[in-house]
Amino acid sequence: MANNAVSIMNEYKKNIKFIAYPVWINWGQKEDGEILKKQFCVIGIRDEKSKLEVIHPISDFILSSYGMRSYNTQRKRVNHVVKFLNYIVENRIRLEVKSLLDITLSTGVNFLNSLFSSEGTVRGIERTLTQFYIYLSQTGCISKIPESAFEKKENLRGDFYYTSPFKGVIYPSRKLSKVEHTFPEKYIPLLFEIGIIKTSPIVLGLYLQLFGGLRVGEIVNLKRSGLKRKVKSGDILARIENQLMRTDIKDSSGSSSVKVPRKQRIFQIKGWYDILYRDHIALYKDKDGSGALFVNRDGKAMSGKSYRQYFDKLKKHFTDYLRDNGDAEDRALAQHLKIVKWSTHIGRGTFTNLVASESDNPMYIAFSRGDKDLMSALIYMAKTERMRKNIEKKFEDMHQHYIPRLLEE
């Protein structure tokens, strides 16, 4: 292992890049004989010319340190290490690094200071890099840094951790974000109308994001049987869990995976959900036997990448419509949305904003978003009916049938 890892730089060619490499592994068997699969994220190399991709032996670091952690955790750590390794090979002459044997603590400091990211991001990468250096030291892959260079401390819970050995890191100052996290409420119905006309396969998903706070990975993992309507309130309960419907594709971004398995409540607003759901079910049905709620043009379960492509198309049509047909305020919004970054996650941010405006307890907000929280769900559930009604009032000045039926298009 050590010899293979050390040669990591000598193998480098101009057209080779390190990448995050997702793999599926048979992980057991159910009582009925069905094979259980588990997804891992490891470190690979790709030839940019031939597009050939292979797993690199340095992946042992990920498997030995994070093998029992979630896929998303593995992916985050892999991306940190891949960024570091690509930095080294791209600057190997200036850094005077021919192999892993040549890297020093200064190599890590130079890399961390080269990052154009937030302070939190840099510190997160620094923690991964600390563990990576410790691994390299323990496996004999680096010679210039003894294991004694890593100081071990004890936290308040009695657990041990290593402090960062990188001295002289200059952390970025806090800057205003250029990412838009919320969508203006008054334009939500218009967004739905344009979505129905231009990107109908994801309109129901858009609703689940704006009024349920679901992530893209959670949307594409929903099955047709995964949404249950509550008779009393009219709200919807979504069963969110990894369904493994597309093990035939690699998704190193993790956009097709569930971060927090749970049951999530979706608010019913002015009957819009019922309209969108009935029409979606009638128009889109899987052809691969997966039972997926959202499918691509071939009838296969939709991937996170496909969902994002539909959303990007919706973004363009929405901003173009405001620019060409709106008043001064509409055109100003269109210009703003073209300058800033915004993605499918804006649905989750908008939902959080809607709930926050109707709740005075951050614990309710955390639960409504599906965040991990130790507080009792019963406290939150006691107030969801009031929140739903108050959120619905925000749209009461809009026509009852503002959203047209998909089947009439």
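All figures in this text were calculated on a predicted structure; none of them were measured in a lab.
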Determine, stepwise, if the pair Phe40 / Trp27 fulfils ring pair (Phe, Tyr, Trp, His ring centres under 6.0 Å).
CA-CA 11 Å; Phe40 290 83; Trp27 202 249; 5.4 Å; yes
Point to revise | Full working for ring pair (Phe, Tyr, Trp, His ring centres under 6.0 Å) between Tyr66 and Phe61 | key: CA-CA 8 Å; Tyr66 308 101; Phe61 163 65; 5.8 Å; yes
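The six-membered or imidazole ring of Phe318 lies near that of Phe183, with a centre-to-centre distance under 6.0 Å.
Side chain of His280 to main chain of Leu293: a donor-acceptor pair is present (N/O by atom type, distance under 3.5 Å, no hydrogens or angles). Asp330 places no side-chain N or O within donor-acceptor distance of the main-chain N or O of Asn325, the cut-off being under 3.5 Å. Between the Thr319 side chain and the Lys315 main chain, a donor and an acceptor come within less than 3.5 Å of each other. Using a distance-only test at 3.5 Å, with no hydrogens or angles considered, no donor-acceptor pair links the side chain of Asp298 to the main chain of Lys300. A donor-acceptor contact shorter than 3.5 Å is absent between the side chain of Arg215 and the backbone of His345. The backbone N or O of Ile16 sits nowhere less than 3.5 Å from a side-chain atom of Asp47 that would complete a donor-acceptor pair. Using modelled atom types, no side-chain atom of Asn91 and backbone atom of Ile88 make a donor-acceptor pair closer than 3.5 Å. Although no hydrogens or angles enter the test, the distance criterion places no donor-acceptor pair under 3.5 Å between the side chain of Lys285 and the main chain of Ala282. With hydrogens and angles ignored, the 3.5 Å screen pairs no side-chain donor or acceptor of Tyr277 with any backbone N or O of Leu227. Judged purely by atom type and a 3.5 angstrom limit, Asn26 has no side-chain atom pairing as donor or acceptor with the backbone of Lys37.
Donor-acceptor pairing under 3.5 Å is recorded for the side chains of Glu180 and His336. Side-chain atoms of Asp60 and Tyr135 form a donor-acceptor pair, as typed in the model, at a separation below 3.5 Å. In this structure, a donor-acceptor pair under 3.5 Å is present between the side chains of Asp274 and Gln268. A donor-acceptor contact under 3.5 angstrom links the side chains of Glu126 and Ser164, judged on distance only. Arg246 and Ser303 share no donor-acceptor pair across their side chains, judged by distance under 3.5 Å alone. For the 3.5 Å distance criterion, the side chains of Ser257 and Asn72 qualify, holding a donor opposite an acceptor. Counting only N and O atoms by type, the side chains of Lys17 and Asn86 include no donor and acceptor under 3.5 Å apart. Of the N and O atoms on the side chains of Tyr273 and Asp235, not one donor lies less than 3.5 Å from an acceptor on the other residue. Between the side chains of Ser200 and Tyr284, at least one donor N or O sits under 3.5 Å from an acceptor N or O.
Shown are Tyr133, Phe84, Phe132; of these, the ring-ring contact (aromatic ring centres under 6.0 Å, His included) with Phe111 is made only by Phe84.
Atom NZ of Lys338 is surrounded by more than 12 heavy atoms from other residues, nucleotides or ligands within 6.0 Å. For Lys51, the NZ atom is densely surrounded, since the number of other residues' heavy atoms within 6.0 Å is greater than 12. Counting non-hydrogen atoms of other residues, nucleotides and ligands closer than 6.0 Å to CD1 of Ile170 gives a total of 12 or fewer. Other residues, nucleotides and ligands contribute over 12 non-hydrogen atoms within 6.0 Å of the CD1 atom of Ile35. Heavy atoms from other residues, nucleotides or ligands lying under 6.0 Å from CZ of Arg297 number 12 at most.
In this structure, the side chains of Phe160 and Lys153 stay at 4.5 Å or more apart for every pair of heavy atoms. Annotation: side chain of Tyr310 is in contact with side chain of Pro201 (closest heavy-atom distance under 4.5 Å). Under the 4.5 Å side-chain criterion, counting only non-hydrogen atoms from C-beta, Ile45 is not in contact with Tyr21. Side-chain contact between Leu314 and Leu206 is present, with at least one heavy-atom pair separated by less than 4.5 Å.
Remark: Glu53 pairs with Arg46, Lys250 by the salt bridge (charged side-chain N to carboxylate O under 4.0 Å, His left out) rule, at least two apart or across chains. Not counting sequence neighbours, the partners of Lys316 by the salt bridge (charged side-chain N to carboxylate O under 4.0 Å, His left out) test are Asp320.
Glu329 has a carboxylate O that lies under 4.0 Å from a charged side-chain N of Lys186, or vice versa, which qualifies the two as a salt bridge. Checked for salt-bridge contact, Arg239 and Glu218 miss the test: no charged N lies under 4.0 Å from a carboxylate O.
Taking the ring centre of Trp24 as origin, the terminal cationic atom of Lys38 falls outside the region bounded by 6.0 Å and 45° from the ring axis.
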